[in-house]
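Data block below; observations after.
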Amino acid sequence: MGQRSGRQGTSKKLEMALRETLKAEAKVQNNEEEAEELKAKVQRLTSVFGVADLKNEAIGLYNVGHSCCLNSLLQVFFMNIHFTRILRRITVPLYAEQQKKNVPYQMLLLLEEMQCGKQKAVYPVALAYCLSAYKVKLFVQHDAAQLFLTLWNLIKRQMKKPELVEELSDLYTICIQEHLACQKCSFEEKKNSSMLTLPLPLLDSNCRMLKTLKDCLQCFFHPEELTGRNMCFCDQCGRKTPFLQSMKLVHLPQTLTIHLKRFCVEKAAHIHKLSHYLPFPQDLDFNAVLTESQCQADDNEKADWQYDLFAVIAHSGSISYGHYCAYIRSLTECKWYCFNDSEVCQVSWDDVKCTYGHSNLHWGETAYLLVYMKKHPQWPYPGV
């Protein structure tokens with residue numbers, strides 16, 4: 001009797017031990033599977049996301065000869081996952097000399113150095129020397145809007161794959177339809193044109209300061225009468241006549257760059273900076289800003305015209321001596337960072353709003369380029 005109960009007790013202990021062992025093995029297996037899944041996810045994400053994402057710290061760029069303008073633009077390019085996805089698929093030039101002069105390849109090398117390095121900042125020397133071969137010089141005060149156009153055109157021209165060129169164009173290119181109508185007859189001319197930035201005036205036709213970004217957009221698309229010296233030749237009338245010129249919006253890209261024209265040309269070709277207060281929203285819906293007559297697009301196109309603010313390139317100082325930095329929102333963390341050459345720090349939306357400008361602070365920081373991104377991007381992986 002006692003022996004049988006002892007055997008039963010031992011059997012139960014063995015069963016419990018076996019059960020615990022199986023549980024432990026299952027837990028280890030689950031942990032290994034979870035670890036492998038997490039590792040695979042991180043590898044997928046690091047192949048598509050920007051520099052400051054999935055890192056303990058964002059990476060800065062050292063100033064190598066008044067390169068603050070170049071550094072700010074590069075950070076905006078690199079933090080844009082749609083751009084880096086294109087950049088990673090370029091054709092690598094075969095020979096060392098070709099590689100040194102290839103802008104997309106040098107940008108890719110710099111991006112890899114920033115993502116793989118452990119230092120707080122890296123030197124963009126190789127890319128800077130590469131750009132100097134195309135008259136983008138160091139120790140020169142660059143204009144961010146002009147340098148953006150120069151960089152973008154060099155990238156596009158040196159990409160060998162036609163499908164990448166097409167993707168790059170789709171990512172950044174705005175399509176506008178220009179209307180010219182003679183005011184003396186029925187002659188009308190329409191012409192489609194592409195642009196990389198929307199160059200918005202900060203003053204109206206009477207040189208009064210515009211107060212909001214919405215005002216600037218409406219002013220840009222407002223019809224303008226071409227009279228006096230600005231009259232155009234009309235083939236139908238056979239002479240110069242007054243014309244009505246208007247712009248209609250046809251297509252907006254995934255990444256929309258708005259150029260706030262803060263540098264104004266006065267009489268005697270004197271250029272001065274407009275530092276007045278001009279707020280801009282975090283959310284921008286073009287359907288709420290423009291009228292039907294200012295658009296030349298179907299409903300499917302216009303349904304996609306809702307944007308979130310992604311980056312602000314700000315300028316401080318004067319026309320002859322200034323400094324650029326970039327405020328960029330991380331697409332994975334939804335946090336704002338300030339990229340000021342080698343110094344990078346997390347900031348708040350209130351810090352970004354400090355770039356609205358102030359009439360009494362002519363040397364203060366003011367937004368110069370606004371970069372908006374469509375609200376509903378096609379993410380590469382579910383749940384991201």
Side-chain angles (χ1 to χ4, degrees), residues 40-61 70-93 99 102-117 121-122 124 126-128 130-131 147-173 196 253-257 307-313 326-337 339 344 369 371-384:
K41 184 178 180 182
V42 169
Q43 287 175 344
R44 291 198 304 269
L45 292 177
T46 51
S47 69
V48 294
F49 284 133
V51 171
D53 300 314
L54 302 173
K55 290 247 174 219
N56 293 326
E57 292 182 5
I59 306 299
L61 291 167
L70 174 63
N71 289 349
S72 298
L73 288 168
L74 289 174
Q75 295 285 15
V76 174
F77 274 121
F78 290 158
M79 288 289 286
N80 187 340
I81 61 173
H82 308 286
F83 174 78
T84 55
R85 242 183 275 167
I86 296 171
L87 189 65
R88 291 182 189 280
R89 287 151 50 211
I90 64 169
T91 302
V92 177
Q99 292 174 2
N102 188 279
V103 175
Y105 178 68
Q106 290 300 325
M107 287 180 71
L108 182 59
L109 289 182
L110 182 60
L111 173 64
E112 294 296 335
E113 186 182 357
M114 293 170 76
Q115 287 192 322
C116 299
V122 300
L127 176 59
C130 171
L131 290 169
L147 187 56
F148 170 66
L149 298 180
T150 302
L151 270 176
W152 192 91
N153 282 310
L154 283 170
I155 295 165
K156 182 184 175 185
R157 193 189 314 154
Q158 294 178 0
M159 277 187 175
K160 301 299 181 185
K161 295 180 180 177
E163 64 271 21
L164 294 187
V165 172
E166 186 178 349
E167 284 183 43
L168 186 70
S169 298
D170 290 342
L171 183 58
Y172 287 99
T173 304
L196 288 176
Q254 173 68 42
T255 302
L256 171 66
T257 306
Y307 286 83
D308 285 322
L309 185 64
F310 165 63
V312 177
I313 291 183
Y327 294 88
I328 309 173
R329 181 173 57 86
S330 164
L331 295 177
T332 52
E333 300 173 310
C334 294
K335 294 175 182 177
W336 283 95
Y337 289 88
F339 293 82
V344 183
L369 293 181
V371 184
Y372 282 90
M373 202 168 280
K374 280 188 177 176
K375 275 185 176 290
H376 307 293
Q378 297 298 315
W379 289 101
Y381 302 107
V384 177

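A heavy-atom distance below 4.5 Å is found between the side chains of Leu73 and Leu369. Between Phe78 and Leu87 the shortest side-chain heavy-atom distance falls below 4.5 Å. Considering only heavy atoms from C-beta on, Tyr307 comes within 4.5 Å of Leu256 through its side chain. Within the 4.5 Å cutoff, the side chain of Met373 has heavy atoms near those of the Asn80 side chain. Side-chain contact between Phe83 and Leu168 is present, with heavy atoms from C-beta onward closer than 4.5 Å. Taking the side chain as every heavy atom from C-beta outward, Asn71 and Phe339 never approach each other to under 4.5 Å. The closest side-chain heavy-atom distance from Tyr172 to Ile155 is not below 4.5 Å. With a 4.5 Å cut-off on side-chain heavy atoms, Leu109 and Gln99 do not count as touching.
In terms of the side-chain contact (heavy atoms from CB on, under 4.5 Å) criterion, residue partners of Leu127 (sequence neighbours excluded) are, by chain and number, Leu74, Val103, Gln106, Met107, Leu110, Leu131. By the side-chain hydrogen bond (donor to acceptor under 3.5 Å, both in side chains) test, Tyr372 is found to be paired with no residue, residues two or more places apart in sequence or in another chain being considered. When the side-chain hydrogen bond (donor to acceptor under 3.5 Å, both in side chains) test is applied to Asn102, no partner is found at least two apart in sequence or on another chain. Applying the side-chain contact (heavy atoms from CB on, under 4.5 Å) test to Val76 and every residue at least two apart in sequence or in another chain returns Phe310, Ala311, Ile313, Ala326, Ile328, Val371.
Within the structure, every pair that satisfies the side-chain hydrogen bond (donor to acceptor under 3.5 Å, both in side chains) test and touches residues 151-160, not counting sequence neighbours, is listed here: Tyr134-Gln158. Applying the salt bridge (charged side-chain N to carboxylate O under 4.0 Å, His left out) test to residues at least two apart or on different chains, the pairs with a partner in residues 164-173 are Arg89-Glu167.
Expressed to the nearest 0.5 Å, how far CG of Leu61 lies from CE of Met114 amounts to 4.0 Å.
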